[in-house]
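Here is the structure we will look at.
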Amino acid sequence: MSLTLDQVKLKSQARIVGLHPVLVAATVALIERSYARGVNIVITQGLRTIAEQDALYAQGRTNPGQIVTNAKGGTSYHNYGLAIDYALLLNDGKQVSWDTQLDVDKDGVTEWMEVVEEAEKLGFEWGGDWTSFKDLPHLQISFGLSTSQLRAGKQPAAEKIAAAYAVIDKLQGEAEEDMNKIAELEGIISKQDGRLAALEKRLNISGQETYSKDYEKVIQAAKDAGIITTSADKSKIELNVITMLVNSGLANKALISFFKNFKAEVK
């Protein structure tokens with residue numbers, strides 16, 4: 001069963017706490033825009049303390065495990081609420097995946113890269129673009145500041161923050177406009193479907209109908225005359241035309257060609 005957008009967003013709610021407000025807005029937008037492309041994601045890491053960063057750095061070095069970062073405490077954008085890590089959220093809402101080659105919809109773009117595309121539009125820098133240590137789940141917005149500057153207490157400039165919000169708001173506004181257009185088109189299609197259904201009901205040609213015993217003799221007479229070759233179910237309009245021909249005595253081989261052409265036009 002597919003997850004709703006609210007269910008997907010709820011999975012990341014706790015990990016967004018403590019992020020810079022711009023990161024919160026960008027992350028929520030990323031979850032929404034990825035969902036619109038058929039990709040569910042979950043935020044696995046957000047704000048990370050210096051102690052947590054040091055413990056992560058020790059993994060694979062002085063502690064058991066695989067090396068997952070080259071950043072000591074204070075040298076990661078996670079320590080300043082300016083970075084997130086993500087994973088793919090599977091449809092059961094419980095399992096996550098870091099499979100970067102997964103392409104469920106077979107559109108030639110992996111789910112992972114669809115998320116990256118949306119992230120970069122929103123102003124995120126992707127760790128997969130790094131040359132020294134590729135960090136595929138990592139996304140950050142640095143506002144042009146180094147971790148050394150952040151350690152020294154420097155804060156993102158107001159104009160940088162305003163510019164970041166402008167990018168996010170513009171994309172979200174475009175997305176909302178697209179959704180409104182889609183909803184409008186869906187309404188038009190729904191009305192057209194209703195009109196077609198009403199017309200089919202009036203003409204009684206909504207599908208193939210099994211004919212009753214009242215039509216058995218008519219069908220047999222039409223077969224004998226060569227007008228039809230099978231007793232397969234006919235639509236109501238076909239049965240009415242066949243009955244008219246048989247009852248009027250026009251069911252003869254001379255009219256076969258005419259009837260076939262007529263039948264093709266009716267369909």
Side-chain angles (χ1 to χ4, degrees), residues 2-47 77-78 80-91 96-98 100 102-130 134-145 150 155-188:
S2 298
L3 298 170
T4 66
L5 177 57
D6 285 340
Q7 288 173 323
V8 173
K9 289 166 75 172
L10 187 62
K11 294 288 182 180
S12 298
Q13 192 172 52
R15 294 293 185 183
I16 295 175
V17 174
L19 292 175
H20 187 283
V22 169
L23 269 289
V24 172
T27 300
V28 171
L30 179 62
I31 294 171
E32 293 174 350
R33 293 177 69 84
S34 297
Y35 183 86
R37 292 183 66 163
V39 183
N40 301 333
I41 64 170
V42 61
I43 304 308
T44 58
Q45 287 282 298
L47 177 66
Y77 286 98
H78 280 286
Y80 308 97
L82 300 181
I84 59 172
D85 292 341
Y86 74 93
L88 303 177
L89 178 64
L90 303 185
N91 280 337
V96 298
S97 172
W98 285 267
T100 60
L102 192 64
D103 184 15
V104 175
D105 55 8
K106 307 298 181 186
D107 64 352
V109 182
T110 66
E111 266 67 4
W112 199 271
M113 290 309 299
E114 288 191 74
V115 178
V116 172
E117 286 177 3
E118 293 302 325
E120 290 180 337
K121 291 177 187 176
L122 288 162
F124 281 105
E125 176 188 346
W126 179 43
D129 287 330
W130 298 344
K134 290 188 179 296
D135 191 352
L136 301 183
H138 183 90
L139 298 166
Q140 66 185 40
I141 298 177
S142 68
F143 300 102
L145 297 174
L150 292 167
Q155 296 294 315
E159 60 269 21
K160 294 276 189 179
I161 292 174
Y165 274 129
V167 170
I168 297 167
D169 291 344
K170 181 176 185 295
L171 287 172
Q172 290 300 83
E174 290 173 356
E176 185 176 353
E177 185 178 340
D178 288 342
M179 290 303 295
N180 289 337
K181 288 179 181 178
I182 290 171
E184 184 179 347
L185 287 172
E186 286 176 343
I188 293 172

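All of these numbers come straight from a predicted model, not from anything done at the bench. Hydrogens, waters and symmetry mates are skipped; everything else that's a heavy atom, side chains included, is used.
- Side-chain atoms of Arg15 never come within 3.5 Å of backbone atoms of Gly46 as a donor-acceptor pair (strictly under, hydrogens ignored).
- Note that CD1 of Ile16 is 7.5 Å distant from CD1 of Ile84, once rounded to the nearest 0.5 Å.
- Of the possible polar contacts, none joining the Tyr86 side chain to the Leu139 backbone as a donor-acceptor pair under 3.5 Å is found.
- The backbone N or O of Thr100 sits less than 3.5 Å from a side-chain atom of Thr110, completing a donor-acceptor pair.
- Formation of a donor-acceptor pair under 3.5 Å by the Asn91 side chain with backbone atoms of Ser2 is not found in this model.
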Would Val115 and Arg37 satisfy side chain to side chain contact (heavy atoms under 4.5 Å, CB included), going step by step from the backbone distance to the final call?
CA-CA 9 Å; Val115 178; Arg37 292 183 66 163; over 6 Å; no
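- No side-chain donor-acceptor contact under 3.5 Å links Trp112 to the backbone of Trp98.
- A donor-acceptor contact shorter than 3.5 Å links the side chain of Glu111 to the backbone of Val104.
- Contact annotation: the side chain of Leu82 never approaches that of Ser142 to less than 4.5 Å [non-hydrogen atoms, C-beta and beyond].
- Considering only heavy atoms from C-beta on, Met113 comes within 4.5 Å of Trp126 through its side chain.
- Using a distance-only test at 3.5 Å, with no hydrogens or angles considered, no donor-acceptor pair links the side chain of Arg33 to the main chain of Leu122.
- Between Lys170 and Glu174 there is a salt bridge, with a side-chain nitrogen of the basic residue lying less than 4.0 Å from a carboxylate oxygen of the acidic one.
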